[in-house]
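FYI, side chains are in, hydrogens and waters are out, and symmetry mates aren't considered; it's all heavy atoms of this structure.
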Amino acid sequence: MTRYARTFAALLAPVVGKPVEEVLSGIGKPPKPELGHFAYACFPLAKERKTAPPKIAAEIAEAVAASMDGGGALRDVKAVGPYVNVFVDGRTAAREILPDALTRGADFGCSQQGGGAAVPVDFSSPNIAKPFGIHHLRSTVIGHALVRMLAAAGYRPIGINHIGDWGTQFGQLLAIWEMEGDEERLRSEGIHYLLELYVDFNKRLEDQPELRDVARERFRRLESGDAECRRLWSLFREASLAEFNRVYALLGIAFDDTKGESFYEDLMAPVLEELAAKDLLRESEDATLVELGDEDLGTALVKKRDGSTLYLTRDLAAADYRWRTYHFDRALYVVGGAQSLHFAQMKRVLELLGREWHERVIHTPFGMMRFTDRKMSTRKGDIIYLEEVLERAVELARETIEAGTRDKDRGLPDDLDTCAHRIGVGAVVFNDLKNRRVRDVTFNWDDVLNFEGETGPYLQYTAARIASMGDKLGRPITAQVDFATLDGPGETQLLLAIDGLEAALLRGVEASEPSYVADQLLEIAQRFSTLYARRDWKVISADDGLSDARMLLATATRQALLNGLGWLGIEVPDRM
RNA sequence: GCGCCCGUAGCUCAGUUGGAUAGAGCAUCGGUUUCCUAAACCGGAGGUCGCAGGUUCAAUUCCUGCCGGGCGCGCCA
């Protein structure tokens with residue numbers, strides 16, 4: 001949807017005698033652009049007035065047409081059956097949208113809607129002592145996209161990496177370490193060695209179920225401050241962070257705040273005390289829990305039998321900390337849908353504690369990453385490393401560029417490494433973001449390494465072609481053009497797609513849904529490509545005025561792609 | 001068993017708060033390059049929108065019940 005839907009609504013409102021917002025919600029898009037760019041359905045009015053819809057449509061169309069002065073952005077209002085349809089005047093749209101895109105540059109499509117409100121976004125949050133697998137991709141890229149989208153929409157996002165560096169898993173590592181730990185190997189092999197230990201632990205567990213208790217005991221020991229346990233924990237932590245940071249560097253992701261769960265160690269006691277003081281705790285089989293008063297939510301365990309803490313306990317402490325630190329407008333948790341119950345419980349406990357802001361805590365779930373060919377199990381060491389996926393994508397991009405330069409008799413780009421990196425990573429990231437986040441995704445090398453069709457490289461390619469036209473034109477791009485030359489239906493549809501970027505951003509921010517932006521970008525690229533491929537539609541021609549006008553349109557297209565891809569965390573190469 | 005999520009073309013998915021003949025990409029078939037980058041474009045074929053009811057002038061969209069898949073349901077995170 002674009003600004004012109006509102007223009008249309010404003011025109012209709014006095015005629016139908018309803019507020020603009022209500023009219024706006026009744027405006028849609030006709031199935032075919034030949035019918036018009038916007039449509040207003042008259043069925044609800046027909047019911048109120050007990051008159052046939054086509055008759056009302058005809059009356060409204062006539063009244064609206066009479067009230068238009070002719071020089072506005074809309075034209076040709078007419079009734080089509082029960083609908084009032086209208087066209088956007090391409091010339092006016094071009095004059096209003098294109099100079100805006102040129103002037104605002106990286107700011108085009110952005111909004112001030114957020115008013116600087118703080119929004120902590122908890123994402124990625126890998127567990128230490130487990131490698132960064134492909135299944136971590138989802139939280140990482142969705143969260144990163146949301147951070148950038150929020151910033152573009154005028155919010156003040158805080159990207160938080162809530163590293164899983166506390167809990168029984170460390171008890172497990174400490175337990176196995178006593179049996180076969182080797183500091184030399186940890187130093188040289190890093191996280192791969194930790195994975196080996198983790199797998200070994202689970203293997204031994206089959207014959208020695210008592211190891212589970214040993215692990216719990218070791219975690220308790222860690223939590224009570226045992227020096228050797230602390231020292232080893234610190235080693236594991238460093239080894240893992242080194243790997244994580246390599247992957248974040250590949251993806252171009254930086255966090256505003258990286259705090260392990262361990263950070264909240266001292267903040268849990270106050271929460272537990274407050275729960276006790278408010279008489280919300282209950283002992284059950286020597287463990288401590290909170291009664292939630294809701295059958296569907298069950299009960300929430302906050303302390304184990306041995307007195308050590310749980311995930312939920314730390315998340316409660318973290319929520320309090322984030323509120324005190326940021327006074328957030330909302331706090332997002334980009335965590336898999338499997339943990340819906342955990343977050344529902346957490347919100348409920350916050351509510352019971354009287355945190356009036358508990359409604360602002362929002363779980364932003366996403367579907368699972370699964371695998372077709374076989375069941376993947378980290379416990380058995382069966383894992384696809386995200387780093388490997390990214391590297392293979394970059395390698396394939398490099399081969400594709402090299403093949404392209406041979407076929408097209410062009411030189412390799414100077415910055416081949418940068419190009420290949422952006423394309424490969426862009427393909428992987430866009431592939432994850434293009435679908436609605438709640439859907440499960442099946443990992444498939446062919447999909448991830450596909451560069452054709454609705455993919456990141458397709459969008460980058462569209463932008464790259466425009467960039468090279470800019471070079472070829474050889475003169476500055478100007479907004480002083482004859483907009484009348486951009487009046488064709490193809491141009492107008494492209495303009496409306498470009499103008500729709502801001503709405504897609506706001507809708508995406510509202511729903512925490514990066515795919516809305518991804519969709520809009522595809523529409524922009526497709527509409528441009530359709531024009532571009534036409535033999536009778538060359539940007540650069542002997543007609544300088546026409547060339548300048550079309551180049552301005554192309555430049556706005558590229559700016560929209562650049563900005564939108566930037567929000568998704570995808571960089572665009574200059575050449576492909 | 002209970003709760004949450006999902007079910008649209010052979011495959012992967014859109015479908016903007018119910019509205020006009022349900023749209024893309026991949027795959028498939030056919031076409032486009034004396035070159036503004038074919039990682040592209042155009043066209044063909046392909047769908048009882050899981051099933052059955054209900055609400056409505058109108059349901060892929062809302063409600064109920066089934067069926068199918070996924071996830072979760074106290075001492076992992």
Checking base pairs now: Watson-Crick or wobble, both atom distances under 3.5 Å. What partners B:rC76?
none
Can you tell me whether the side chain of A:Asp315 and the base of B:rA77 have a donor-acceptor pair closer than 3.5 Å?
no
What does B:rA59 pair with, Watson-Crick or G-U, if both distances are under 3.5 Å?
none
Base, sugar-phosphate, or nothing for A:Ile423, non-hydrogen atoms under 4.0 angstrom?
base
Just call it for A:Asp471: base, sugar-phosphate, or nothing, with non-hydrogen atoms closer than 4.0 Å on any strand.
nothing
Please work out if A:Ala287 contacts a base, only the sugar-phosphate, or nothing of the nucleic acid, heavy-atom cut-off 4.0 Å.
base
For a quick check of understanding: with a heavy-atom distance under 4.0 Å over all strands, which category does A:Phe451 fall into, base, sugar-phosphate or nothing?
base
What is the nucleic acid contact for A:Glu261, judged by heavy atoms within less than 4.0 Å: base, sugar-phosphate only, or nothing?
sugar-phosphate
Any side-chain N or O of A:Thr168 below 4.0 angstrom from OP1/OP2 of B:rC76?
yes
To the nearest Å, give me how far apart CG (A:Asp440) and P (B:rC4) are.
17 Å
For B:rG46, the Watson-Crick or wobble partner whose two distances fall under 3.5 Å
none
Any side-chain N or O of A:Arg216 below 4.0 angstrom from OP1/OP2 of B:rC76?
yes
Measuring only the C1' atom in each nucleotide, how far is B:rG70 from B:rU61? A whole number of Å is fine.
23 Å
Base, sugar-phosphate, or nothing: which does A:Gly167 touch, judged by heavy atoms less than 4.0 Å apart?
sugar-phosphate
Would you mind pulling out the nucleotide paired to B:rU64, Watson-Crick or G-U wobble, both distances under 3.5 Å?
B:rA52
At under 4.0 Å between heavy atoms, what does A:Met368 touch on the DNA or RNA strands: base, sugar-phosphate, or nothing?
sugar-phosphate
Base, sugar-phosphate alone, or nothing: which one does A:Ala464 contact when heavy atoms must sit under 4.0 Å apart?
base
Return no unless some side-chain N or O of A:Arg535 is found under 4.0 Å from OP1 or OP2 of B:rU33.
yes
G-U wobble or Watson-Crick pairing nucleotide for B:rA20 (cut-off 3.5 Å, both distances):
none
Between B:rU17 and A:Tyr516, is there an OP1 or OP2 to side-chain N/O distance shorter than 4.0 Å?
no
Report which part of the nucleic acid A:Ser284 touches: base, sugar-phosphate, or nothing (heavy-atom distance under 4.0 Å, all strands).
base
Starting from the 5' end of RNA chain B, give me the residue, A:Val539 or A:Arg437, whose nearest nucleotide shows up first.
A:Arg437
Name the nucleic acid region contacted by A:Pro573, choosing base, sugar-phosphate or nothing; use a 4.0 angstrom heavy-atom cut-off, strictly under.
nothing
Which is true for A:Glu295 with a 4.0 Å heavy-atom rule: it touches a base, it touches only sugar-phosphate, or it touches nothing?
nothing
Assign the ring pair A:Tyr532 / A:Phe528 to parallel, tilted or perpendicular, where the plane angle (0 to 90°) is split at 30° and 60°.
tilted
Classify A:Leu473 by what it touches in the nucleic acid, base, sugar-phosphate, or nothing, heavy-atom distance under 4.0 Å.
nothing
State whether A:Glu48 and A:Lys18 are salt-bridged, where the test is any N-O pair (Lys NZ or Arg NE/NH1/NH2 against Asp/Glu carboxylate O) under 4.0 Å.
yes
Between A:Gln339 and A:Tyr311, do the side chains contain an N or O donor and an N or O acceptor separated by less than 3.5 Å?
yes
State whether A:Arg216 and A:Asp306 are salt-bridged, where the test is any N-O pair (Lys NZ or Arg NE/NH1/NH2 against Asp/Glu carboxylate O) under 4.0 Å.
no
Less than 4.0 angstrom between a side-chain N/O of A:Arg465 and OP1 or OP2 of B:rA40, yes or no?
no
Could you work out which one of B:rA39, B:rC71, B:rC75 sits closest to the side chain of A:Arg370?
B:rC71
Is any NZ, NE, NH1 or NH2 atom of the basic residue among A:Asp432 and A:Arg437 found under 4.0 Å from an Asp or Glu carboxylate oxygen of the other?
no
Looking at A:Lys472, I'd like to know whether one of its side-chain N or O atoms comes within less than 4.0 Å of OP1 or OP2 on B:rC36.
no
Can you see if the side chain of A:Tyr311 gets near the phosphate of B:rC75 - specifically, an N or O under 4.0 Å from OP1 or OP2?
no
Does B:rC42 have its OP1 or OP2 closer than 4.0 Å to a side-chain nitrogen or oxygen of A:Thr530?
yes
Tell me whether the OP1 or OP2 atom of B:rU37 has a side-chain N or O from A:Ser468 closer than 4.0 Å.
yes
If you measure from the C1' atom in B:rU55 to the same atom in B:rG1, how many Å do you get, rounded?
31 Å
How close or far is atom P of B:rA40 from atom CZ of A:Arg558, stated in whole angstroms?
19 Å
Using a distance-only criterion (donor-acceptor N/O pair, under 3.5 Å, no hydrogens), is the base of B:rC76 paired with the side chain of A:Gln172?
no
Inter-nucleotide P distance (B:rU56, B:rG68), Å rounded
32 Å
Rounding to an integer number of angstrom, what distance separates B:rG50 and B:rA9 when you compare their C1' atoms?
15 Å
Could you say whether A:Ala533 or A:Asp574 is positioned toward the 5' end of RNA chain B, judged by the nucleotide with the nearest heavy atom to each?
A:Asp574
Measure the distance from CZ on A:Arg507 to C1' on B:rU17 and round it to the nearest whole Å.
9 Å
Among the nucleotides B:rA20, B:rA39, B:rU12, whichever has the atom closest to the side chain of A:Ala39 is B:rA20
Considering Watson-Crick and G-U wobble pairs with both distances under 3.5 Å, what does B:rC26 pair with?
B:rG10
Which class fits the ring pair A:Phe219 and A:Trp166: parallel under 30°, tilted 30 to 60°, perpendicular over 60°?
perpendicular
For atom P, what is the distance between B:rU60 and B:rG25, given to the nearest Å?
24 Å
Does the side chain of A:Arg439 get closer than 4.0 angstrom to OP1 or OP2 of B:rG7 through an N or O atom?
yes
Whole Å only: how far is the CZ atom of A:Phe343 from the P atom of B:rG3?
23 Å
Taking only the C1' atom of each, what is the distance from B:rC57 to B:rC51 in whole angstrom?
26 Å
Heavy atoms from other residues, nucleotides or ligands near CZ of A:Arg398 exceed 12 (cutoff 6.0 Å)
yes
Residue-phosphate contact under 4.0 Å: A:Lys29 side-chain N/O, B:rG15 OP1/OP2:
no
If we take the C1' atom in both B:rC66 and B:rC75, what is their distance in whole Å?
37 Å
Yes or no on side chain to side chain donor-acceptor pair (under 3.5 Å) for A:Asp165 and A:Ser262, after CA distance, side-chain angles and deciding distance?
CA-CA 6 Å; A:Asp165 66 352; A:Ser262 58; 2.7 Å; yes
Using a cut-off of 4.0 Å on non-hydrogen atoms, how would the nucleic acid contact of A:Ala504 be classed: base, sugar-phosphate, or nothing?
nothing
Return the nearest nucleotide to the side chain of A:Lys47; candidates are B:rC6, B:rA39, B:rU56.
B:rU56
Please identify which of these residues, A:Lys303, A:Glu265, A:Lys304, A:Glu223, meets the side-chain hydrogen bond (donor to acceptor under 3.5 Å, both in side chains) condition with A:Thr309.
A:Glu223
Taking CZ from A:Phe201 and P from B:rC76, how many angstroms apart are they, rounded to a whole number?
11 Å
Could you check whether the rings of A:His363 and A:Phe343 sit parallel, tilted or perpendicular, using 30° and 60° as the cut-offs?
parallel
Does any nucleotide pair with B:rU37 by Watson-Crick or G-U wobble geometry, both distances under 3.5 Å, and what is it?
none
Does B:rG15 have its OP1 or OP2 closer than 4.0 Å to a side-chain nitrogen or oxygen of A:Arg436?
yes
N/O (side chain, A:Tyr461) to phosphate O (OP1/OP2, B:rA39) under 4.0 Å:
yes
Can you tell me, in whole Å, how much space there is between the P of B:rC11 and that of B:rG3?
31 Å
